[in-house]
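These notes are about the structure you will find just below.
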Amino acid sequence: MNIDRAKELIQVQLQFSSGYNRNAVRMILGEVQRNYGQQEVDTLIREFRLDESFGLKVGTNFSTVGT
C-alpha cells in the first residue's frame with residue numbers, strides 16, 4: 001500500500017469513527033509502519049488527528065497489528 005492509498009482509507013474510516021474503524025486504522029498504520037517506518041506513521045497520526053479521533057498516540061508501534 002502506498003501512502004496516498006493509506007490516506008484515502010484513513011479518511012473513509014474517520015467518517016464512521018466506531019471501534020471497528022479504530023481497528024481498521026490500526027491495521028492501516030501497521031502496514032504503513034512495516035513498509036515506511038515509524039516516522040510516516042507518526043506523520044499520519046498528526047495529519048489526521050488520530051489521537052483525538054481514536055486515541056492513537058505518536059510513537060506507538062503498530063508493526064505487529066494485522067500480521
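Keep in mind that this is a model prediction, so the values were computed, not measured. Throughout, residue positions are numbered sequentially from 1 according to the sequence presented.
- The hydrophobic clustering, which links ILVMFWY residues whose side-chain heavy atoms are closer than 4.5 Å, places I28 and V12 apart.
- For F48 against S53, the heavy-atom pair with the smallest separation is O-OG, 4.2 Å.
- A donor-acceptor pair is defined here as one N or O able to donate and one able to accept, closer than 3.5 Å; no such pair exists between the side chain of Q33 and the backbone of V41.
- More than 12 heavy atoms of other residues, nucleotides or ligands lie within 6.0 Å of CD in Q11, so this atom counts as buried by the packing criterion.
- Rounded to the nearest 0.5 Å, atoms CZ (F62) and CD (Q38) are 7.5 Å apart.
- Tested against V32, the residues E40, K7, M27 include a single side-chain contact (heavy atoms from CB on, under 4.5 Å) partner, E40.
- Note that CE of M1 is 9.0 Å distant from CZ of R34, once rounded to the nearest 0.5 Å.
- Looking at residues two or more places apart in sequence or on another chain, you find no side chain to side chain donor-acceptor pair (under 3.5 Å) involving E31.
- Each of I45, L50, N21 was compared with I10 under the side-chain contact (heavy atoms from CB on, under 4.5 Å) criterion, and only L50 meets it.
- Only one option out of L44, D42, T60 pairs with L29 in a side-chain contact (heavy atoms from CB on, under 4.5 Å); it is L44.
- For the pair R22 and L56, the minimum side-chain heavy-atom distance is below 4.5 Å.
- Taking R5 as the reference, E8 meet the side chain to side chain donor-acceptor pair (under 3.5 Å) condition, with sequence neighbours excluded.
- Counting only heavy atoms from C-beta outward, the side chains of N2 and Y36 approach each other to under 4.5 Å.
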